[in-house]
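Numbers here simply count residues along the sequence, with the first being 1.
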Amino acid sequence: MTTVEQRPGVPESEDTAPLVSPVNSHNEWDPLEEIVVGRLDDATIPSSHPVVSCNIPPWAARFQGLAAGYKYPRRLIEPAQEELDGFVSLLGSLGVTVTRPDAVDHRQRFSTPGWTSRGFCNTCPRDSMLVIGDEIIETPMAWPCRYFETHSYRRILKDYFRRGARWTSAPKPQLTDELFEQEFRAPKKDEPMRYILTEFEPVFDAADFVRAGRDLFVTRSNVTNAMGIEWLRRHLGPGYRIHEIESRCRTPMHIDTTFLVLAPGKALVNPEYIDVDRLPPVLDSWDILVAPEPEPVKDLVLRTTSMCGKWLSMNILMVDEKRVIAERHHTGMLRALEGWGFEPIPCDLMHYAPFGGSFHCATLDVRRRGTLESYFD
């Protein structure tokens with residue numbers, strides 16, 4: 001008689017039942033079924049480090065340097081929380097399952113053998129985790145204050161893993177001085193592009209990538225180096241292709257205010273950062289939609305404390321191939337989306353900018369109803 005050895009710690013019924021992964025997301029537009037939304041609880045102003053100050057607007061960098069390690073003031077938290085609650089309610093009304101990370105005290109100090117830091121927040125799950133099909137990859141982020149950020153998602157990750165998802169963590173970076181160019185200065189408009197990161201070790205934020213089935217697009221940035229891109233290319237193997245998008249931004253960080261794929265055959269570009277004549281040839285057959293100039297932000301406090309540039313108007317979230325959640329304040333973008341054949345759903349999230357983003361940044365779509373396909377010849 002043949003016997004099957006039971007895995008330690010797994011009940012027999014679970015051991016023999018086939019697992020169906022709750023994680024399944026191949027692109028940015030298949031019908032959205034489940035999503036992780038970040039939290040504002042105990043958000044802490046990032047600890048001072050050159051890789052932080054070089055990546056945010058100068059006025060925000062000055063504020064950050066003075067207040068590093070302190071909790072965000074209630075004046076910033078409360079309006080952002082009200083808008084975030086409204087966004088979560090909207091997702092629920094659209095039939096989307098919303099999952100949230102645990103609240104943690106980000107002011108706790110932690111250390112490695114080479115440095116110490118406090119935390120930041122878990123407002124932007126898009127940065128620290130990358131979903132490729134049924135796999136979630138924890139990314140090796142370059143900001144020291146974000147070193148343990150995925151720990152607030154571990155309850156969710158363990159649940160997905162037990163139910164059948166694949167769970168991977170990229171090599172944990174050392175983040176020592178060898179990774180950063182000393183005395184780095186952002187290049188001026190007429191100077192060759194340069195980055196604060198060296199190629200000492202692979203680092204990347206997931207938010208520097210967008211997915212279109214078997215093709216991914218990436219921007220090299222001050223949080224994503226060439227070695228990080230190559231690590232992901234080798235990890236995914238020959239079934240995927242990664243195309244680099246050349247950005248003219250002098251302080252690049254995250255692709256989702258520069259270039260987004262919205263639906264099969266349609267990509268949204270930032271005309272200030274993207275030269276459409278220098279896009280990868282694979283996009284030659286696609287419609288390239290040029291984002292309209294964003295409406296100015298009138299609120300002085302919001303303008304001063306935002307960690308993001310003016311093109312946050314592009315930080316939208318596709319519900320499916322037609323419906324898209326976009327910022328209510330950016331009426332030009334709403335009209336443009338309608339003109340391109342989409343159905344925009346206006347929502348408020350402007351006050352999330354001091355915490356790192358908007359609808360795309362604040363979320364991680366873990367399940368979309370669709371299969372792995374190629375959308376290019």
Side-chain angles (χ1 to χ4, degrees), residues 35-49 51-61 63-65 67-73 76-81 83-84 87-88 100-101 103-104 106-107 117-130 139 141-150 152-153 203-210 219 221-224 249 251-258 260 294 297 299 301-317 327 348-364:
I35 200 163
V36 178
V37 177
R39 280 192 182 277
L40 285 158
D41 305 66
D42 290 319
T44 299
I45 296 163
S47 296
S48 294
H49 192 282
V51 76
V52 176
S53 56
C54 82
N55 275 323
I56 58 180
W59 54 90
F63 171 77
Q64 182 268 331
Y70 290 91
K71 289 186 179 180
Y72 275 84
L76 296 180
I77 291 279
E78 289 176 353
Q81 185 65 60
E83 291 178 349
L84 185 63
F87 175 43
V88 170
R100 311 295 297 280
V104 297
H106 296 282
R107 285 204 73 235
S117 179
R118 297 186 191 274
F120 174 31
C121 56
N122 49 12
T123 55
C124 296
R126 183 75 57 175
D127 304 351
S128 60
M129 294 171 289
L130 179 63
T139 61
M141 295 193 289
W143 282 23
C145 60
R146 308 189 76 174
Y147 202 72
F148 293 109
E149 192 169 306
T150 54
S152 61
Y153 300 93
V203 289
F204 63 91
D205 277 14
D208 270 323
F209 295 83
V210 290
T219 48
S221 75
N222 284 325
V223 291
T224 295
C249 177
T251 55
M253 180 180 175
H254 300 167
I255 198 172
D256 46 14
T257 55
T258 297
L260 277 175
V297 176
D299 187 305
V301 173
L302 197 52
R303 283 206 316 269
T304 305
T305 59
S306 173
M307 294 185 71
C308 312
K310 68 177 184 178
W311 291 98
L312 204 54
S313 57
M314 289 180 59
N315 206 259
I316 57 183
L317 178 69
E327 172 57 52
D348 297 306
L349 205 61
M350 276 187 63
H351 289 86
Y352 213 68
F355 308 93
S358 190
F359 302 108
H360 197 256
C361 295
T363 57
L364 180 71

Applying side-chain hydrogen bond (donor to acceptor under 3.5 Å, both in side chains) to D42 and not counting sequence neighbours gives K71
Which atoms form the tightest heavy-atom contact between S117 and C145, and what is the distance? OG-CA, 3.4 Å
Could you tell me which non-hydrogen atom of A362 sits nearest to which non-hydrogen atom of L349, and how far apart they are? CB-CD2, 4.4 Å
What heavy-atom pair brings V37 and P125 nearest, and what distance separates the two atoms? C-CG, 4.5 Å
Has the side chain of T224 got a donor or acceptor atom that lies under 3.5 Å from a matching backbone atom of D205? yes
With sequence neighbours excluded, tell me which residues meet side-chain hydrogen bond (donor to acceptor under 3.5 Å, both in side chains) with T363. R126
Any pair with a residue in residues 308-317 that passes salt bridge (Lys or Arg N to Asp or Glu O under 4.0 Å), sequence neighbours left out, goes on the list, sorted by first then second residue, please. E272-K310, E293-K310
Given P252, which partner from the list T258, T219, N222, V223 fulfils the side chain to side chain contact (heavy atoms under 4.5 Å, CB included) test? N222
Can you check side-chain contact (heavy atoms from CB on, under 4.5 Å) on I45 and Y72, steps first, answer last? CA-CA 6 Å; I45 296 163; Y72 275 84; 3.9 Å; yes
Using a 4.5 Å cut-off on heavy atoms from C-beta on, say whether the side chain of T150 contacts that of P101. no
Donor-acceptor check, side chain of E327 to backbone of M350, threshold 3.5 angstrom: yes or no? yes
Applying ring pair (Phe, Tyr, Trp, His ring centres under 6.0 Å), can you list everything that pairs with F148, at least two apart in sequence or on another chain? F110, H151
Which word best sums up how the rings of F359 and F87 line up, parallel for under 30°, tilted for 30 to 60°, or perpendicular for over 60°? perpendicular
Side chain to side chain donor-acceptor pair (under 3.5 Å): which pairs involve residues 350-359, sequence neighbours left out? E83-H351
Taking G69's backbone N and O only, do any of them form a donor-acceptor pair with R107's side chain (distance below 3.5 Å, no angle check)? yes
Using only atom types and a distance under 3.5 Å, with no angle test, would you say the side chain of Y153 pairs donor to acceptor with the backbone of S128? no
Could you pull out all residues at least two apart from A206 that satisfy side chain to side chain contact (heavy atoms under 4.5 Å, CB included)? L130, T139
Test salt bridge (charged side-chain N to carboxylate O under 4.0 Å, His left out) applied to R39 - qualifying residues, sequence neighbours left out: D41
Can you name the nearest heavy-atom pair linking S47 to R118, along with the distance? OG-N, 3.0 Å
In Å and rounded to the nearest 0.5 Å, what is the CG to CG distance from L317 to L260? 10.0 Å
Quick one: list whatever passes salt bridge (charged side-chain N to carboxylate O under 4.0 Å, His left out) with D127, sequence neighbours left out. R146
Applying ring pair (Phe, Tyr, Trp, His ring centres under 6.0 Å), can you list everything that pairs with F209, at least two apart in sequence or on another chain? F204
If the condition is side chain to side chain contact (heavy atoms under 4.5 Å, CB included), which residues does C361 pass it with, not counting sequence neighbours? C124, D256, N315
By side-chain hydrogen bond (donor to acceptor under 3.5 Å, both in side chains) - contacts of S152 (at least two apart): N122
Test side-chain hydrogen bond (donor to acceptor under 3.5 Å, both in side chains) applied to S221 - qualifying residues, sequence neighbours left out: D208
I need the H360 NE2 to H254 NE2 distance, nearest 0.5 Å. 11.5 Å
Between CZ on residue F355 and OG1 on residue T123, distance to nearest 0.5 Å: 7.5 Å
